[in-house]
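Note sheet for the following structure.
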Amino acid sequence: MADDEYILRVEDIHKSFGKLEVLKGVSFNVKKGETICFIGPSGTGKSTLLRCINQLNIPDKGGVYLNGEEVTNSGPRINEFRQKIGMVFQNFFLFDHLSAVRNVEIALLKVLKMDPKAAREKALYELHQVGMEDWAEHYPAELSGGQAQRVSIARALAMDPDVILFDEPTSALDPELTREVLEVMKKLASAGMTMLVVTHEMGFATSAANRVVFMEHGLIQEEGTPEELMNGDGRFKEYMGKIGDIKE
Amino acid sequence: METMIFLTDILFPALWGGVMVTLQLIILAAPVGFVLGIIIAILRVYGNKWVSMLCRGVVGFIKGTPLILMLFILYFGLPSVGITLSAFVASLIGFIMCNGAYNSEYIRGAISSVKEGQLVAAQALGMTKMQAVRLIVLPQALRRAIPGLSNEIIYLIKYSSLAYMLTVIELTGAGKMVATKYFAYTETFIFVGAVYLLLVTITTLAVVLIERKFAVPGMTQSGRNVLDIL
């Protein structure tokens with residue numbers, strides 16, 4: 001099937017909350033190893049779009065396909081798909097009662113049914129990948145925001161996902177902590193992880209993304225490489241201009 | 001001297017059996033009441049509308065009526081519909097229902113206080129909702145519910161004396177019998193009171209130890225310093 005060149009296909013997703021139509025038909029395809037950044041004003045449905053992909057929000061219409069298999073309407077099989085679709089949240093959502101290493105290993109033990117020794121090894125390896133192995137026994141409340149977010153990235157990585165969804169992973173962090181998280185994400189991107197990133201970090205988008213998708217009013221307005229969008233004369237450039245003005 | 005002899009030769013032996021019955025009631029009722037509390041709380045929070053309403057109704061009924069009435073119904077009322085329970089079993093069931101109902105309120109509140117994101121993150125990892133509740137939400141909720149739950153055990157220790165009204169000779173009942181026989185109300189009931197106080201004190205200390213064992217930085221501060229104060 002020709003579709004299989006795409007690891008993830010998203011087709012015509014619609015989602016409303018009550019009378020508010022948040023997504024009005026969003027489609028895009030993702031190739032293995034791509035990093036795609038979703039940029040746009042707040043409230044345009046970027047986070048909802050990510051949540052529709054792993055069915056944390058159930059789309060009203062449209063389909064999501066992972067490796068050619070339908071994720072939408074998959075019934076109880078959704079739990080299998082979610083193992084393959086990692087997610088990193090704006091507010092980390094680390095499990096408060098578990099140490100860093102337990103946060104990473106719990107799904108390995110209880111979802112993948114790995115043997116405890118192998119799970120611990122894997123968890124420590126993933127913590128090492130994000131530079132958090134020295135903090136393995138610490139609890140979420142003892143970590144800085146940047147450290148917590150790195151642990152949550154390790155938690156997603158441990159499941160060996162096909163794709164990771166990042167929902168504004170640095171929006172709750174100050175600039176210094178933002179940098180340490182973005183560095184980990186850049187490393188992942190260059191190692192070939194497939195990533196969908198909702199972000200306001202233009203620096204990250206221009207340096208790490210293969211493609212930038214500009215969303216507004218529940219629709220994709222423009223998409224292309226970062227250079228194409230920056231050099232174009234569409235809404236993206238106008239939006240970026242506005243942000244620039246405020247910064248100066 | 002006479003008082004000493006009364007204590008050692010009459011009161012201790014006479015009350016010993018009662019203490020054992022009281023302990024049996026508490027040790028059997030508390031764990032079952034704990035599990036029942038968890039089940040009712042989960043059904044109230046995560047059950048469908050009807051199950052949730054039913055649980056709410058049952059808890060409301062138990063909270064809204066005196067425990068002694070429920071004991072009377074269980075022991076004196078049920079035989080009329082063909083269910084005959086021994087006084088001990090009737091008391092036990094009453095205590096479990098009462099303890100479970102109140103426990104469920106503490107646990108339900110604690111479950112609601114666990115941030116929604118915890119459940120979302122667990123589900124995003126591929127856990128079923130059941131797994132997410134059992135592995136992520138409940139362990140956090142129960143830690144927060146410890147102070148409330150321990151209060152309920154303390155209440156249970158004290159209201160276990162109501163079993164005497166169903167003719168179960170537990171600590172209070174045994175005390176009443178000795179007191180009447182020897183006309184020694186003051187000594188006897190002061191002593192009985194001291195035994196309850198001892199049971200409550202042991203429970204309180206045990207709870208502090210449990211709280212400390214399960215303390216997690218940033219989640220449960222309460223358990224950390226209590227022993228230092230003692």
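Numbers restart at 1 for each chain; the letters A, B, ... are given by sequence-line order, proteins then strands.
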A:Lys31 side chain to A:Leu8 backbone, donor-acceptor under 3.5 Å: no
Does any backbone or side-chain atom of B:Gln123 lie under 4.5 Å from a heavy atom of chain A? Answer side chain, backbone, both or neither. both
Turns out that what part of A:Asp96 lies under 4.5 Å from chain B's heavy atoms comes down to both
Which residue out of B:Ile136, B:Thr128, B:Val120 racks up the most heavy-atom pairs below 4.5 Å with chain A? B:Ile136
Select one option (side chain, backbone, both, neither) describing which atoms of A:Gln83 are under 4.5 Å from chain B's heavy atoms. both
Tell me, for A:Ile78 versus chain B, whether the close heavy atoms (under 4.5 Å) come from the side chain, the backbone, both or neither. neither
Quick one: are B:Arg56 and B:Arg44 in side-chain contact, heavy atoms under 4.5 Å? yes
As an exercise: rank A:Lys110, A:Lys84, A:Glu80, A:His138 by heavy-atom pairs under 4.5 Å with chain B and give me the winner. A:Lys110
A:Arg9 to A:Tyr65, cation-pi by 6.0 Å centre distance and 45° axis angle: yes
Measuring centre to centre across the rings, with the benzene-like ring taken for any Trp, is A:Phe38 within less than 6.0 Å of A:Phe28? yes
Applying a strict 4.5 Å limit to non-hydrogen atoms, the region of A:Ile85 in contact with chain B is backbone
Side-chain heavy-atom pair A:Ile164, A:Leu157 within 4.5 angstrom cut-off: yes
State whether A:Phe95 and A:Arg155 meet the cation-pi test: NZ (Lys) or CZ (Arg) under 6.0 Å from the six-membered ring centroid, and within 45° of the perpendicular axis. yes
Heavy-atom pairs under 4.5 Å with chain B - which of A:Glu142, A:His97, A:Met159, A:Gln55 has more of them than the others? A:His97
